[in-house]
Amino acid sequence: MIYKRSSALFADAEKVIPGGVNSPVRAFKGVGGTPIFVKEAKGAYLYDEDKNRLIDYINSWGPMILGHAYKPVVDAVVEKAKKGTSFGMPTEIETKIAELAVSMVPNIDKIRFVNSGTEACMSAVRLARGFTGKDKIIKFAGCYHGHSDSFLIQAGSGASTFGTPNSPGVTKGTAKDTLLALYNDIENVTELINANKNEIACIIIEPVAGNMGCIPPKDGFLEALRNLCDANNILLVFDEVMTGFRLAKGGAQELYSVYGDIVCFGKVIGGGLPVGAFAARHEIMNHLAPLGPVYQAGTLSGNPLAMAAGLAMLQELNTDAEVFNRLAEKTAYLHKGIAKVLNENNVAHTINRVGSMISVHFDEAEVIDFETAAKGNNDTFKKFFHGMLNAGIYIAPSAFETWFITDALTYEDLDFTIAAVNKVAKTL
Ligand code: KE4
């Protein structure tokens, strides 16, 4: 694959945009090389600036679950744009998408729209603190909830300790209120709660982790978290920015029948436009301004263009009873095919999969948390990434990310992908 034009465009971008990108993971720092510039996309395919066609397994990190330039979404956006893009005043379409989201997702009565997953999670934590009157939060090492200060915290020595900032600009004052636990380790969470009695407002978790690759919750882990929260007057915040409207109509809550107190959304809910949201039962959401004292706001929150894209997307997912089964079946087929060819080529690996989320880890260790996921961040992964890219397959440029399956993928695309893995495996 030739990337002449992408390289030239990257050089231009670097002069005026820090690192040449508007989000760090796009810069290929995790795999080396220069990022690919996309010209356009349709269905399961990206067309880059050098006229290469790539089968897309990132799909904008999740939103394009039905494929790029999905006609009902595009039509809705075009029609809405002709009538204005944002007014800073209430519009009927906000109520329409709120009603639909509340009908699709269990255990929520009200939803507030924002502009990103970060905003959704940041606001959810503020609401939890305001509702409980407590300051501390527990998050899990390796889980990502966006770039709000409270979340950019990395464990010091050991894993369950007072967090220390992992980004300059995050103050020690902020970090002290974020406690870090080990994903899938309920004893560890229990220790943290007991060491911080009556000080913890919420536990925030990705019910299926997607930022360490894909890591499913161990059997009983989510239920145990739910019980710990109930016994200690702690709110359980499910960050479903990735899993929401992807794993099932009702997301991970529906898949596992475990319910958060506050649920965060992003990605799919916006149909590819900037939308985040957080939702909960009346009692909690009524604490939000202008009804209650917890302040949260946004100039472009609920803007008609983004709502039009999101509503069209949710309407499609709500009416197609088979879409989530098709997505899961395609992902299982891909899993089986990749595992077969990696085994035939004696490549040490683990594959994690939940619904239409899948990740390939190039280490034989079972990947259950950040520490075990980190073992797959190695040269084998980097070689695999570039081998697949040269074969016309775009996967995440980081060992800590998940592949996102789109319903636009055909079984021919999946077979093409498996054949590419077989070819690349011989070079690892
Ligand atoms: P955004 O602010 O990027 O819309 O959402 C933050 C966020 C929150 N919660 C979860 C579970 C997430 O996965 C994300 C964002 N996901 C990353 C990809 N792993 C976004 C990609 C990027 O940072 O460019």
Side-chain angles (χ1 to χ4, degrees), residues 17-31 35-36 38 56-65 113-125 137 139-153 166-167 183 202-217 222 237-247 251-253 260 262-279 296 298 300-301 306 309-310 313 352 354-359 370 373 377 394-405:
I17 301 170
V21 292
N22 285 307
S23 198
V25 73
R26 304 175 190 171
F28 277 27
K29 289 287 179 232
V31 291
I36 308 295
V38 177
D56 186 10
Y57 282 99
I58 293 304
N59 290 293
S60 183
W61 302 98
M64 317 321 295
I65 192 169
F113 288 97
V114 293
N115 303 280
S116 69
T118 296
E119 249 194 289
C121 296
M122 175 181 83
S123 308
V125 162
I137 69 170
K139 77 172 285 291
F140 292 84
C143 280
Y144 178 70
H145 307 295
H147 63 91
S148 166
D149 284 5
S150 293
F151 304 138
L152 294 181
I153 308 293
N166 74 344
S167 166
Y183 201 82
C202 69
I203 294 176
I204 183 167
I205 188 166
E206 294 177 56
V208 173
N211 289 286
M212 309 182 240
C214 170
I215 299 184
L222 296 179
V237 180
F238 271 0
D239 174 353
E240 292 224 47
V241 167
M242 222 183 241
T243 55
F245 306 107
R246 172 168 282 280
L247 296 185
Q253 289 192 114
I262 304 176
V263 192
C264 304
F265 300 101
K267 300 180 191 282
V268 172
I269 198 172
L273 267 66
V275 179
F278 58 108
Q296 178 275 325
L300 295 173
S301 294
M313 174 65 84
N352 283 357
V354 180
S356 59
M357 294 168 65
I358 183 171
S359 55
F370 182 64
N377 184 25
Y394 188 68
I395 64 170
S398 158
F400 293 105
E401 298 289 354
T402 298
W403 304 17
F404 298 96
I405 303 305

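All values below come from the heavy atoms of this structure, side chains included, with hydrogens, waters and symmetry mates left out. Note that ligands are numbered from 1 as they come in the structure, with each ligand's atoms numbered from 1 the same way. None of the values given here were measured: they were computed from a predicted structure.
The heavy-atom pair separating Ala252 from Thr243 by the smallest distance is CB-OG1, 4.1 Å. Pairing each heavy atom of Phe151 with each of Lys139, the nearest pair is O-CE, 3.6 Å. Nearest heavy-atom pair across Pro397 and Trp61 is CD-CH2, 3.9 Å.
Across Val208, Ile205, Ile262, a single residue satisfies side chain to side chain contact (heavy atoms under 4.5 Å, CB included) together with Phe238, and that is Ile205. Tested against His145, the residues Cys264, Cys121, Ser150 include a single side chain to side chain contact (heavy atoms under 4.5 Å, CB included) partner, Cys121.
For Phe400 and Phe370, the gap between ring centers is short of 6.0 Å.
For ligand 1, the protein residues placed under 4.0 Å by at least one non-hydrogen atom are Ser23, Val25, Trp61, Ser116, Gly117, Thr118, Tyr144, His145, Gly146, Glu206, Asn211, Asp239, Val241, Met242, Lys267, Glu401.
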